[in-house]
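Below is one structure, written out as structure tokens; comments come after it.
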Number of protein chains: 2
Amino acid sequence: MSNSKKYTLAIVDDHLLFASSLEKLINTFPEFQVLYKARHGLELQTEIKNNGTLPDLILLDINMPVMNGFETVAWLTENHPKIKVLALSVEDNEGIILKMIRGGAKGYFLKDIHPDDLKFALVEVMDKGYYYSERVTSTMVNALQPGAKEPMVKLRENELTFLQLACSEMTYKEIADVMNLSPKTIDGYRQELFNKLGIKNRVGLVIYALKNHLIEL
Amino acid sequence: MSNSKKYTLAIVDDHLLFASSLEKLINTFPEFQVLYKARHGLELQTEIKNNGTLPDLILLDINMPVMNGFETVAWLTENHPKIKVLALSVEDNEGIILKMIRGGAKGYFLKDIHPDDLKFALVEVMDKGYYYSERVTSTMVNALQPGAKEPMVKLRENELTFLQLACSEMTYKEIADVMNLSPKTIDGYRQELFNKLGIKNRVGLVIYALKNHLIEL
DNA sequence: TTGGCCTACAGGATTTTTCCTGTTTTTTGA
DNA sequence: TCAAAAAACAGGAAAAATCCTGTAGGCCAA
């Protein structure tokens, strides 16, 4: 690892207290220095445009207002592929991990990580280009197992819209009106989702949507 | 404020990275020093018992495994009433704020607070005994308005149990079996809850339970 | 003791959800 | 351009959810 110059990084997290605290912590690592912080992807974009220098590394929260982690990592991969992105989340969810890695993140870890491990992860990412914990590795292996199963459920645009509307107090008929479709079509979506997701009733839909962050409370 | 001696404090939060970072931040405040950290209420209890000295102040997260913020503040108020407790949460929810304050917390703030404001809050709490932000104050005023309304919906034991079971894929008949009651009684609970909570169907129940932390995902 | 109140429970009707199968329309790929 | 695949839609029926009103039994207070 280079000792000549500190690696610079940016922190993107809407929890100001966490971001500021983390900045303090990271600045105690001799190899790293926080360049700037942002509350969400959009703020990061303007920060990058205004501030002449790019960070070597970005610590990216996933749950954020305005522009979340998924959108942000997509934008970064598109516009600044050289910047390493480490995703940071409170949630240990396979779907989310895969989504971020597919989006271009070079690593993923939970907010309950030990500071020493964080430091190790930062060093790894700069040295080797990536850092994957055991948890993330096993998730990826599972996802790539061809024989086993394809747990990745793909929802069509309309199915997603229906699912989100089903998480309200609307009846299916009302949903059909909103979506400008026949109630029978809506019933088709419902049936299809029940099969795909392995659930039995509308409550199952709500639970699924919540667990997979397809809706917000 | 006393300059002779630093105030000591403990941090209780299951997110190790956040807790450690916050420790670093707070230790830069000349008036304060972090005595120890714990991942949840239970760990705090053993820490307090083992470690001879009590902290002056505890920063307490609400969402934690094993023993959450509500249980912890209740225990602290019961066993160590002299310790000031500041609740710390990601969620801006009136019900939660009131629950913590009723439990004995001397203040409440969100994790997106600015570090300077945190410092101010810490100082306030030690000097004046409490710190309430505008947000918290307005919440309390609302809650105490006698004429306006009583938004605090009280759920009976059975109603709560039913509500929680209703947030699953069980049918009402199955719920009746589990609770050893007639399906008609369950229907009565349902009707009563719909009226009390102003909702129209079972999805409304799920949403309500989630928003009020009556169930976990 | 009696009347009021509360909880559990019922009857019975209506609406909504859920299920199964089949048809028409649209889109897509060779 | 034509056939196959996908999407939208329908009929019909059973199951579950929702709604409304009413009753029986326990408890408590005047």
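Proteins get letters first, then strands, A, B, ... in listed order; numbering begins at 1 in each.
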d(CG, Asn180(A); C1', dC9(D)) in whole Å: 15 Å
List the atom pairs, with distances to 0.1 Å, where a side-chain N or O of residues 196-207 of chain B and a protein N or O form a donor-acceptor pair under 3.5 Å, not counting sequence neighbours.
unit_1, atom_1, unit_2, atom_2, d
Lys196(B), NZ, Lys154(B), O, 2.9
Lys196(B), NZ, Glu159(B), OE1, 2.7
Lys196(B), NZ, Glu159(B), OE2, 3.4
Asn201(B), OD1, Val203(B), N, 3.2
Asn201(B), OD1, Gly204(B), N, 3.2
Asn201(B), ND2, Glu169(A), O, 3.1
Arg202(B), NE, Ala166(B), O, 2.9
Arg202(B), NH1, Met170(B), O, 2.9
Arg202(B), NH2, Ala166(B), O, 3.0
Arg202(B), NH2, Ser168(B), O, 2.8
Arg202(B), NH2, Met170(B), O, 2.6

Set of side-chain contact (heavy atoms from CB on, under 4.5 Å) partners for Ser20(A), sequence neighbours left out: Leu16(A), Lys37(A), Pro115(B)
Nucleic acid contacts - residues 159-168 of chain B versus DNA chain D, non-hydrogen atoms under 4.0 Å: none
Salt-bridge present (Glu94(B), Arg135(B); N to O < 4.0 Å): yes
Could you write out each protein N or O paired with an N or O of nucleotides 16-26 of chain C at a distance under 3.5 Å?
unit_1, atom_1, unit_2, atom_2, d
dT17(C), OP1, Arg202(A), NH1, 2.8
dT17(C), OP2, Tyr172(A), N, 3.1
dT18(C), OP1, Arg202(A), N, 2.8
dT18(C), OP2, Tyr172(A), OH, 2.5
dC19(C), OP2, Arg190(A), NH1, 3.3
dC19(C), N4, Asp187(A), OD2, 3.0

Phosphate-side-chain proximity, Thr185(B) and dC9(C), N/O vs OP1/OP2 below 4.0 Å: yes
Qualifying residues under ring pair (Phe, Tyr, Trp, His ring centres under 6.0 Å), relative to Phe120(A), sequence neighbours excluded: none
Integer-rounded Å distance: dC6(C) C1' and Asn158(B) CG: 13 Å
Residues in ring pair (Phe, Tyr, Trp, His ring centres under 6.0 Å) contact with Tyr189(B), at least two apart in sequence or another chain: none
Rounded (10°) bend between the five-pair end axes of the helix from dT1(C)-dA30(D) to dA30(C)-dT1(D): 30°
Qualifying ring-ring contact (aromatic ring centres under 6.0 Å, His included) pairs with a residue from residues 38-80 of chain A, counting only residues at least two apart or across chains: Trp75(A)-His80(A)
Under 3.5 Å: donor-acceptor pair, side chain of Asp13(B), backbone of His15(B): yes
Rounded distance in Å - CD (Glu157(A)) to C1' (dA6(D)): 16 Å
d(CD, Glu192(B); C1', dC19(D)) in whole Å: 14 Å
Residues which pass side-chain contact (heavy atoms from CB on, under 4.5 Å) with Asp187(B), listed by chain and number, not counting sequence neighbours: Arg190(B)
Length of the CD1-C1' vector between Ile175(B) and dC9(C), whole Å: 17 Å
Residue list, ring pair (Phe, Tyr, Trp, His ring centres under 6.0 Å) with Phe18(B), at least two apart or on another chain: Phe18(A)
Set of side-chain contact (heavy atoms from CB on, under 4.5 Å) partners for Lys82(B), sequence neighbours left out: none
dA8(C) phosphate, OP1 or OP2, under 4.0 Å from Tyr189(B) side-chain N/O: yes
Contact under 4.0 Å: Arg156(B) side-chain N or O vs dC6(C) OP1/OP2: no
Gap between atoms CG and C1', on Asn195(A) and dA7(D) respectively (whole Å): 16 Å
Partner residues of Phe109(A) under the ring pair (Phe, Tyr, Trp, His ring centres under 6.0 Å) criterion, sequence neighbours left out: none
